[in-house]
Amino acid sequence: MPVELVEKKMQGALPVHLVARDGLETAGLAPSVVAWAKANGFSGEAGKALAVPGEHGTLGGALFGVGEGEGALALGALSKALPEGDWHFASAPAEPELAAIALALGGYVFTRYGKKPGKALRFELPTGVDAGRVRRIADGVFLARDLVNTPTSDMGPEELEKAARTLAGAHKADVFVIKGDDLLEQNFPMIHAVGRASAGPPRLIDMRWGPRSAPKVTLVGKGVCFDTGGLDIKPSSGMLLMKKDMGGAANVLGLASMIMAARLQVRLRVLIPAVENSIAGNAFRPGDVLTSRKGMSVEIGNTDAEGRLVLADALALADEEEPQLLVDMATLTGAARVALGPDLPPFYTGDEALASELAVASLTVEDPLWRMPLWRPYDAKLSSRIADINNVTTDGFAGSITAALFLKRFVEKTASWAHFDIFAWNPADRAHGPAGGEAQGIRALERIISTRYG
């Protein structure tokens, strides 16, 4: 972990004083420190740090501005702002566990291709914080970020399978993979159709862990390792971030890491349809009709709406087992970003209790989510003149909602299902994470699953 979180007291660790906006006079600081802050224009503005001199020209500590209600994750900026060394909070932050998680997440650096690691920081954990839990959360987030940040040249369907096998090996989980034409033999025709034009064979990754008698929790992640758009090809600008189109798979693997590391009492299943949506003579075409695992026929209105096709076959498989909780995560639509931007993923569910839990958990752990409706009147927009359903609508309205309605057609038996239309990317540096791949929604889901099945 880039920032080392230490459970014991460290002799000589320097204090970090958290200061609210315009709160210098009430922060319990020595008069000399207040005078120093004022002389340097420090007023507690969120994210601003100021080194405090000690005796004989040494470093005596630091001030950090927490602003007004910015949230505990803002403390992640300390991982970049502080000089190397040993540190502790001068007084307990309002949300000690979140503060520790923020410190860990803020220190993340993607080093695979030569970028240097971050600073060597050690930070005392606030009293009462479970160090193991903080590390589990951070490790899961880092796994998701690493997978998304890795370009497709090193993270195609085969490499994504290897990443799943590595995680499974660390926790003694079982992995089964159906690959290439075996997908047709075992009735996953839409996964095969989307991925067959790629040099890397399409596959369905199926990871299972935990006692068979435990409550079933199934996670489905979109694993489109690169999306050209298929024959409905994207413009070059639209392909620049398409290495992240497997962000749903990356996120469910990150969540699975958290669940297994905590030894939660669940029967966990992770399903990842791993494909590249490529262009070749055997690519699926606009106007084709595909038969899904469920038996439903799907007319292809656009080959760039491929994620919902591979998810549909995987969801149909998951639904056959009727898990207590079924979650799918996907970088599915640009419409979700138009509606809510990159930082606030929408989720869809017909389970009111789950929706309430997600609303509370997302606020509690500062993992933003926003419920959007499975608006039934829009379901008719997916009609086809020749098949049971079309994979897109013709008017372009409510694209994230209609994508969720499409997926809902393939979940009939499972009572508690939620779909997350995530971005899996930070467009710019944030306090708790740099620009690049990001975990979204999985810390909130971990809170719910650990509360239910801990």
(request) Carefully, step by step, assess S362 and D367 under the rule side chain to side chain donor-acceptor pair (under 3.5 Å). (result) CA-CA 5 Å; S362 69; D367 193 6; over 6 Å; no
(request) Take R145 and E438 through the test salt bridge (charged side-chain N to carboxylate O under 4.0 Å, His left out) and record every step on the way to the result. (result) CA-CA 5 Å; R145 289 176 176 176; E438 186 56 289; 2.8 Å; yes
(request) Would you check, one step at a time, whether the test side-chain contact (heavy atoms from CB on, under 4.5 Å) holds for V411 with T414? (result) CA-CA 6 Å; V411 181; T414 304; 4.0 Å; yes
(request) Would you please test Y348 and S400 for side chain to side chain donor-acceptor pair (under 3.5 Å) and show each step? (result) CA-CA 10 Å; Y348 299 83; S400 182; 2.7 Å; yes
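The side chain to side chain contact (heavy atoms under 4.5 Å, CB included) with I272 is formed by just one residue from the set L253, V220, L219; it is L253. Among the candidates N390, T394, D395, the single residue satisfying the side-chain hydrogen bond (donor to acceptor under 3.5 Å, both in side chains) test with K381 is D395.
With respect to the salt-bridge test (charged N to carboxylate O, under 4.0 angstrom), the residues D245 and K243 do not qualify. The existence of a salt bridge linking E321 and R267 is excluded, since no basic side-chain nitrogen approaches an acidic carboxylate oxygen closer than 4.0 Å. Between E68 and R21 there is a salt bridge, with a side-chain nitrogen of the basic residue lying less than 4.0 Å from a carboxylate oxygen of the acidic one.
T331 contributes no side-chain N or O that, together with a main-chain N or O of F423, makes up a donor-acceptor pair within less than 3.5 Å. Remark: side-chain polar atoms of D313 are paired, donor with acceptor, to backbone N or O of R293 under 3.5 angstrom.
In this pair, F406 and F410 present their aromatic rings tilted. The plane angle is within the 30 to 60° band.
Looking only at atom types and distance, the side chain of S297 has a donor-acceptor partner in the side chain of D388 under 3.5 Å away. Between the side chains of D328 and W417, a donor-acceptor pair is found at a separation under 3.5 Å.
Side-chain contact between P151 and Y113: present, with at least one pair of heavy atoms (C-beta onward) separated by less than 4.5 Å. Contact check for M190 versus E306: no side-chain heavy atoms found under the 4.5 Å cut-off. Looking at heavy atoms from C-beta onward, E357 lies in side-chain contact with R452 at the 4.5 angstrom threshold. For the pair M207 and V177, the minimum side-chain heavy-atom distance is 4.5 Å or more. Contact annotation: the side chain of L311 approaches that of L332 to within less than 4.5 Å [non-hydrogen atoms, C-beta and beyond].
Ring-centre distance between F123 and F89: below the 6.0 Å cut-off.
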